[in-house]
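Step one of this worksheet: look at the structure below.
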Amino acid sequence: MIQFEEAIARIASVARQYSPESEVIPLEEADGRICTEDILSPEAVPSFNNSAMDGFAICSEDTLGASEENPVRLSVSSIAAAGDEVVSYSSDVRAIEIMTGAALPDIFDAVVKIEDVKILRSEAGGGHGILISSFIPKGNNVREKGEDYKVGQIVLSHGACIRAESMMALAGLGISEVTVFKKPVVSILSTGKELVPLETKSLKPGRIRNSTALYLKTAMAHLGARIHSVETIGDEVGVFKDHVQRNLAQNIDVLVTTGAVSMGKYDFIVPALLEMGAEIVFHKVAIRPGKPILFAKIKRSRGNPLIIFGMPGNPIASAVGFRFFLTPFFREFYGQHPEQAWSVKLSETTRKPENLKCFFKARLEKEAGDLVVRSLAGQASFMISPLVQANAWVLFPEVGTQVSKNQRVDVFPLLQNEFFEWGNL
Ligand code: AMP
Ligand code: MG
């Protein structure tokens, strides 16, 4: 049995040897995809100086000394709206009316808001003027060329996950295609002759519904994987080996199994993989739940090996395997930094098993205005109901049989990139 940190180090080392492929896709299909390279700004945004307000474009120096008692009068020559062609004015023009987003003509260097001037309409109905009663500094209400993005500036770094917000930036820069990692192809295989499909109406004694496959499928898609297949087999070694052989031939990147990795008579996965020439990178980690977790790989004659994560069958053990083993594997695979925990005070002294790092279902809560984390009742690895109540995972260190109230502990969201439901605390 190895420690959690050693397991993560081995996962990272295998992931780094993997050579993920990339592809170019349209920006509008890129939600959730991961950049393979830094995306640099090809142009300045804004691409021209423009007005941040509806008001009047002026020269700052014309307002030197302006005050309530001694306002400056400027005559207004013209009007510019967003989208209008940029006009070159002669230098004797003192002001024009300007709308938000309209290009600021070269001769002006400031905009005064419409609310901050007194408009003087000429009696003849012709041109009008404005009165300004304070000094307007240079750049006032001007959005400068390149103020948001300069040419060559990094817009998204390699490893960044493209979201609606990044699409806003890329769209503004005219970047309509992005280079992203090809989705890793994953197959999910549940083992156990007790498992029946979720549609099964009445359960025979001894049978259970497969509650984990759908969790893994959904959570894995959230990680950016393409799910090739979701299958269930009984405890049959031959059928299992055939499945692995097919995964090898079909160039599956990652096979995730559930069940059959413990010490029971029907826990056949490790011996079967050894017979197939697999390298067992680790089997059994000092954690709770999920101690029997397995990480292995099988070489192919060409290309990347088949990566195998063997999750113990209990649903929460599978969830921990996904969240704290598979997720770091994918992050390393995408060249992302390891996820950072939140450090939060524990709400009450909590017991834990000695010598096992614990990943417990937890809730972030507010206590007298402070954020605390509570480890939920029902940490047994078969108990799903507390997971549904949970809004986070709390991690307890390996050493010790309890963690004291107010001690700071590591907290992670249920799935990566998820914000805690602050509104729900
Ligand atoms: P195993 O790891 O195969 O020894 O299974 C451990 C426990 O998890 C047993 O009680 C199994 O019945 C249960 N189990 C295995 N696979 C699943 C699954 N896909 N969904 C729900 N429970 C499961
Ligand atoms: Mg089993």
Side-chain angles (χ1 to χ4, degrees), residues 1 7 186-223 225 227-244 247 254-275 278 280-296 308-326 353 356 358-361 378-390 414-415:
M1 187 155 67
V186 172
S187 73
I188 296 169
L189 181 68
S190 310
T191 73
K193 70 176 188 318
E194 72 275 33
L195 300 177
V196 297
L198 60 94
E199 298 79 19
T200 310
K201 285 289 172 263
S202 59
L203 284 177
K204 288 193 189 132
R207 298 301 188 90
I208 58 168
R209 294 195 183 81
N210 185 343
S211 53
T212 314
L214 201 50
Y215 166 86
L216 287 172
K217 181 183 177 190
T218 308
M220 211 82 84
H222 181 96
L223 268 189
I227 310 300
H228 170 265
S229 58
V230 182
E231 289 175 43
T232 303
I233 61 169
D235 299 306
E236 299 139 300
V237 189
V239 180
F240 172 71
K241 284 184 170 175
D242 287 348
H243 187 92
V244 177
N247 278 192
V254 179
L255 163 63
V256 183
T257 65
T258 61
V261 287
S262 307
M263 302 301 287
K265 196 158 174 207
Y266 300 106
D267 292 334
F268 55 85
I269 286 190
V270 172
L273 288 178
L274 283 171
E275 281 166 29
I280 306 296
V281 184
F282 62 76
H283 179 208
K284 295 195 177 79
V285 180
I287 58 166
R288 166 82 51 92
K291 192 165 74 176
I293 190 166
L294 164 77
F295 181 52
I308 302 157
F309 280 91
M311 311 297 187
N314 276 305
I316 309 305
S318 290
V320 165
F322 167 78
R323 185 63 182 93
F324 296 100
F325 292 80
L326 247 170
L356 296 177
C358 296
F359 299 85
F360 282 173
K361 297 159 263 192
Q379 291 298 340
S381 60
F382 74 95
M383 287 194 69
I384 302 171
S385 55
L387 182 67
V388 177
Q389 297 306 314
L414 290 177
L415 295 177

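Fair warning: this is a prediction, and the values are worked out from it, not measured in the lab. Numbering of ligands and ligand atoms starts at 1, following listing order.
When the heavy-atom distances from atom 17 (C) of ligand 1 to A260, G206, S262, G313 are ranked, the shortest goes to G313. Heavy-atom proximity to atom 6 (C) of ligand 1, evaluated over N314, D267, I316, N210, is greatest for N314. Counting heavy atoms only, S211 comes closest to atom 21 (C) of ligand 1 of the residues S211, A213, S190, G192.
Side-chain atoms of K241 do not come within 3.5 Å of backbone N or O of E275 as any donor-acceptor pair. A donor-acceptor pair under 3.5 Å is formed between the side chain of E236 and the backbone N or O of G234.
Counting only heavy atoms from C-beta outward, the side chains of S187 and H243 approach each other to under 4.5 Å.
When V254, L273, V281, V256 are each tested for a side-chain contact (heavy atoms from CB on, under 4.5 Å) with I308, only one passes: L273.
Remark: ligand 1 atoms within the under-4.0 Å shell around heavy atoms of G259 are 1 (P), 2 (O), 3 (O).
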Check residues 309-326 and write down every donor-acceptor pair under 3.5 Å in which the side-chain atom is one partner and the other belongs to a residue at least two apart or another chain.
residue, atom, partner, partner atom, Å
N314, ND2, S381, OG, 3.3
S318, OG, P312, O, 2.9
R323, NE, P413, O, 3.0
R323, NE, L414, O, 3.0
R323, NH1, E339, OE1, 3.1
R323, NH2, E339, OE2, 2.7
R323, NH2, P413, O, 3.1

Distance-only donor-acceptor hits, side chain of residues 258-269, under 3.5 Å, sequence neighbours excluded:
residue, atom, partner, partner atom, Å
D267, OD2, S262, N, 3.3
D267, OD2, M263, N, 3.2
D267, OD2, G264, N, 2.6

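Closest protein heavy atom to atom 12 (O) of ligand 1: E194 OE2, 2.5 Å. Closest to atom 22 (N) of ligand 1, if we only count protein heavy atoms, is I208 CD1, 3.3 Å.
Contacts of V261 with ligand 1, taken as heavy-atom pairs under 4.0 Å, are absent altogether.
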